[in-house]
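Reading through the structure tokens given below for one structure.
In each ligand, atom 1 is the first atom listed, and ligand 1 is the first ligand listed. Just the heavy atoms: all of them, side chains too, but no hydrogens, waters or symmetry mates, feed the values below.
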Amino acid sequence: MTENKIINLSELSTGYRLLLTDCVKIIKTIPDESIDLIVTDPPYQTTRRGKAGNSGGMLQKDIFNKGQVFTYNDIDCEKYAPEFYRILKDGSHCYVMTNHVNLLHMLNTFMDVGFHFIKSLIWDKGNKIMGQYYMSQFEYILFFRKGKGKKINHCGTSDILSVKNIKTKGIDGKNLHDTEKPIELMKILIANSSKENDIVIDPFMGIGSTGIACKQLHRRFIGIEIDRKYYHIAKERILNF
Ligand SMILES: C[S@@+](CC[C@H](N)C(=O)[O-])C[C@H]1O[C@@H](n2cnc3c(N)ncnc32)[C@H](O)[C@@H]1O
């Protein structure tokens, strides 16, 4: 793994900086109150016993068979929430995606470190996944702010965001990433909570949807991903978009 020792914000004149490393470590090198927006989709358990179930988590079947669920899913939000709060500028927004299993812990943790919980948005994925307790069709997007209030840029946006859950396929026809988020969804959040040239960070970048959205909207972007395969896919996608 290429360990990048620090994040130097002055390098962001090029538009984006992508890092193959553990975000929990490297985020500590970001100066206080230097980031305009956090938009991220952290890894999380999809059932209370830590097994993936069938509700759309980052399941990798070979890992699942060995008794593990995800390659990198053993991260408690208590490890990153205080850093998220520290690096954000006063009056900035933070969007964190999660599911019902992690909702309570996530909310409590983020509010304990100082975030104000504005509301939850709903991502209506347009597809349904079978389950014992109603079929699953949405994900939570927890919408927080640090410090003073700031309106979103397009107040007419509904808090139910209906964006089709279409996954990018590799040449083998398989999903490049099982929890890829649509670029259009990320664009709604970014357009509403930042302006051109702002610095947006996604510490759990996956294959880079947030980065592509930033590039299209002319925001500067810091993306961090611990998995080498996903990091390289993200790099390629962001470069070529
Ligand atoms: C739910 S996925 C995000 C998918 C992303 N939204 C996309 O559209 O591709 C979470 C990602 O976080 C990565 N991850 C897990 N732990 C990490 C860590 N400590 N530092 C950086 N990335 C990590 C995982 O490898 C995974 O790709």
Practice task
Determine, step by step, whether M205 and I224 satisfy the side-chain contact (heavy atoms from CB on, under 4.5 Å) criterion, reporting the C-alpha distance in whole Å, the side-chain angles of both residues, the deciding distance to 0.1 Å, and the verdict.
Solution key: CA-CA 5 Å; M205 171 173 68; I224 310 168; 5.7 Å; no

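Proximity to K181 (heavy-atom distance under 4.0 Å) selects the following atoms of ligand 1: 6 (N), 7 (C), 8 (O). Listed by number with element, the atoms of ligand 1 under 4.0 Å from a non-hydrogen atom of T21 are 20 (N), 21 (C). Counting atoms of ligand 1 from 1 in the listed order, those under 4.0 Å from a heavy atom of I207 are 7 (C), 9 (O). Which parts of ligand 1 touch S209 is read off a 4.0 Å heavy-atom cut-off, strictly below it: atoms 8 (O). Against a heavy-atom cut-off of under 4.0 Å, D227 is close to the following atoms of ligand 1: 25 (O). Interface atoms of ligand 1 facing Y230, defined by a heavy-atom separation under 4.0 Å, are 25 (O), 27 (O).
Distances between N or O atoms of V24 and those of ligand 1 include no value under 3.5 Å. Looking at ligand 1, you'll find an N or O of I226 within less than 3.5 Å of one of its N or O atoms. Considering both main-chain and side-chain atoms, D41 comes within under 3.5 Å of ligand 1 through a nitrogen or oxygen pair. The shortest N/O to N/O separation between D22 and ligand 1 falls below 3.5 Å.
Under the 4.5 Å side-chain heavy-atom criterion for ILVMFWY residues, a single connected hydrophobic cluster contains both L142 and F84. Linking Ile, Leu, Val, Met, Phe, Trp and Tyr whenever their side-chain heavy atoms come within less than 4.5 Å leaves L217 and I222 in two separate clusters.
Shown here for I30 and S34, the closest heavy-atom pair between the two residues is CG2-OG, 3.3 Å.
At a cut-off of 3.5 Å, with distance as the only test, no side-chain donor of N197 or K195 sits close to an acceptor on the other residue.
Taking 4.0 Å as the cut-off, M186 does not count as a neighbour of ligand 1 on heavy-atom distance.
The environment of K164 atom NZ is sparse: at most 12 non-hydrogen atoms of other residues, nucleotides or ligands sit within 6.0 angstrom. Environment of NZ in K235: sparse, with no more than 12 heavy atoms of neighbouring residues, nucleotides or ligands closer than 6.0 Å.
For M97, no heavy-atom contact with ligand 1 is shorter than 4.0 Å. Using a 4.0 Å cut-off between heavy atoms, E225 contacts ligand 1 through both its backbone and its side chain. Contact annotation for T210 and ligand 1: no heavy atom of the residue comes within less than 4.0 Å of the ligand. When non-hydrogen atoms are compared, ligand 1 lies under 4.0 Å from the backbone of F204 as well as from its side chain. The proximity of P203 to ligand 1, defined as any non-hydrogen pair under 4.0 Å, is limited to the backbone.
Side-chain contact between R219 and E196 is present, with heavy atoms from C-beta onward closer than 4.5 Å.
Residues that satisfy the salt bridge (Lys or Arg N to Asp or Glu O under 4.0 Å) test with E236, not counting sequence neighbours, are absent from this structure.
Tested against Y85 for a ring-ring contact (aromatic ring centres under 6.0 Å, His included), the candidates F115, Y80, F110 yield a single pass: F115.
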